[in-house]
Amino acid sequence: ELKVEQNPLFLSMQEGKNYTIYCNYSTTSDRLYWYRQDPGKSLESLFVLLSNGAVKQEGRLMASLDTKARLSTLHITAAVHDLSATYFCAGLTGTASKLTFGTGTRLQVTL
Amino acid sequence: GAVVSQHPSRVICKSGTSVKIECRSLDFQATTMFWYRQFPKKSLMLMATSNEGSKATYEQGVEKDKFLINHASLTLSTLTVTSAHPEDSSFYICSASGRANQPQHFGDGTRLSIL
């Protein structure tokens, strides 16, 4: 059974700073997703990572995948207040294509 | 892009009421739909997976008689919370996928509050 852990659970950072959110998973995952969730809202898809060494970037966010280490990272560059949200990683496994979500990282970017 | 509509967005009702939540794929055929539950400040927990025309597969610990799932067509799945109680209050989110390993597209969620 796939288990997905994220750290940190909560991250408060100042605008302009850089930081990384880590996502560790326990067994082989077919692909790794990153999502953003704003308070009271559903999920917004950010990235899907398909293979070892995959790197994707959108604006100030960059996601990477190391399948050998079973680790994905979401790097935030020069954070801005609008990035404040909860970020989830999720691994996809099995023929049923089930997603297993990480614990989530609540990011708060302060002015 | 693919759109999933979930309705209603918010429900407030008395204890003992049954509540039905609809999840529709608007511009694609969803062979598989998923139902998640999310408590405040927690992650999403998969409740069940439903495939069109067959019985839903429930995750361990989810009462299938409590949470009735129907996936009668390729564009509609419903979740009925039967005889709801305050502990069933939660944020329920559906997602839909066209084929195996295709991305899941999420609905906007339903906030259920049982008084």
Side-chain angles (χ1 to χ4, degrees), chain A residues 1-12 21 23-26 28-51 54 56 58 63 84-108, chain B residues 1-10 21 23 30-52 54-62 69 71 90-113:
Chain A
E1 181 187 338
L2 177 64
K3 293 191 189 309
V4 182
E5 291 186 355
Q6 281 178 244
N7 70 83
L9 297 183
F10 176 73
L11 176 57
S12 179
I21 299 171
C23 174
N24 292 91
Y25 54 98
S26 60
T28 302
S29 177
D30 294 328
R31 53 193 66 189
L32 199 294
Y33 293 86
W34 284 95
Y35 297 94
R36 169 181 171 145
Q37 186 178 38
D38 291 298
K41 303 292 186 182
S42 188
L43 300 183
E44 174 189 348
S45 179
L46 296 175
F47 302 107
V48 54
L49 302 166
L50 303 178
S51 58
K56 290 196 174 178
E58 180 75 34
S84 298
T86 298
Y87 293 85
F88 291 96
C89 63
L92 184 77
T93 54
T95 54
S97 299
K98 289 165 44 170
L99 281 176
T100 300
F101 282 84
T103 45
T105 297
R106 188 168 143 240
L107 173 65
Q108 184 177 68
Chain B
V3 178
V4 174
S5 172
Q6 190 173 339
H7 178 80
S9 58
R10 177 153 191 142
I21 303 169
C23 182
T31 54
T32 307
M33 288 187 169
F34 302 86
W35 288 95
Y36 297 88
R37 180 175 184 174
Q38 186 181 30
F39 289 109
K41 300 192 190 304
K42 298 293 185 182
S43 187
L44 278 75
M45 298 298 294
L46 179 65
M47 299 174 67
T49 304
S50 74
N51 292 294
E52 185 265 337
S54 61
K55 288 185 179 180
T57 301
Y58 290 82
E59 294 299 302
Q60 192 171 9
V62 177
I69 292 172
H71 191 164
S90 190
F91 192 48
Y92 293 86
I93 306 174
C94 74
S95 71
S97 176
R99 289 178 291 176
N101 282 345
Q102 289 297 304
Q104 293 183 25
H105 304 283
F106 287 85
D108 288 339
T110 297
R111 186 159 305 282
L112 176 62
S113 300

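Both backbone and side-chain heavy atoms feed into the values below; hydrogens, waters and symmetry mates do not. Order of the sequence lines fixes the chain letters, A, B, ..., with proteins taken first and strands second; residue numbering starts at 1 for each chain.
- In this model, no donor atom of one side chain and acceptor atom of the other lie less than 3.5 Å apart for A:Ser42 and B:Asp108.
- Heavy atoms of B:Ile93 lying under 4.5 Å from chain A belong exclusively to its side chain.
- The part of B:Gln38 that comes within reach of chain A is its side chain, from C-beta onward, which places non-hydrogen atoms under 4.5 angstrom from that chain.
- If you measure heavy-atom distances from A:Thr103 to chain B, the contacts under 4.5 Å come from the backbone alone.
- A donor-acceptor pair under 3.5 Å is formed between the side chain of B:Thr110 and the backbone N or O of B:Pro8.
- Remark: of the listed residues A:Leu99, A:Leu49, A:Leu43, A:Leu99 is the sole one forming a side-chain contact (heavy atoms from CB on, under 4.5 Å) with A:Tyr33.
- Within the 3.5 Å criterion, the main-chain N or O of A:Ile21 finds no donor-acceptor partner in the side chain of A:Gln6.
- For the set A:Ser45, A:Ala90, A:Pro39, A:Gly102, the count of heavy-atom pairs under 4.5 angstrom toward chain B peaks at A:Gly102.
- Ring geometry for A:Tyr35 versus A:Phe101: interplanar angle of 30 to 60°, hence tilted.
- Only the side chain of A:Gln37 comes within less than 4.5 Å of a heavy atom of chain B; its backbone N, CA, C and O stay farther away.
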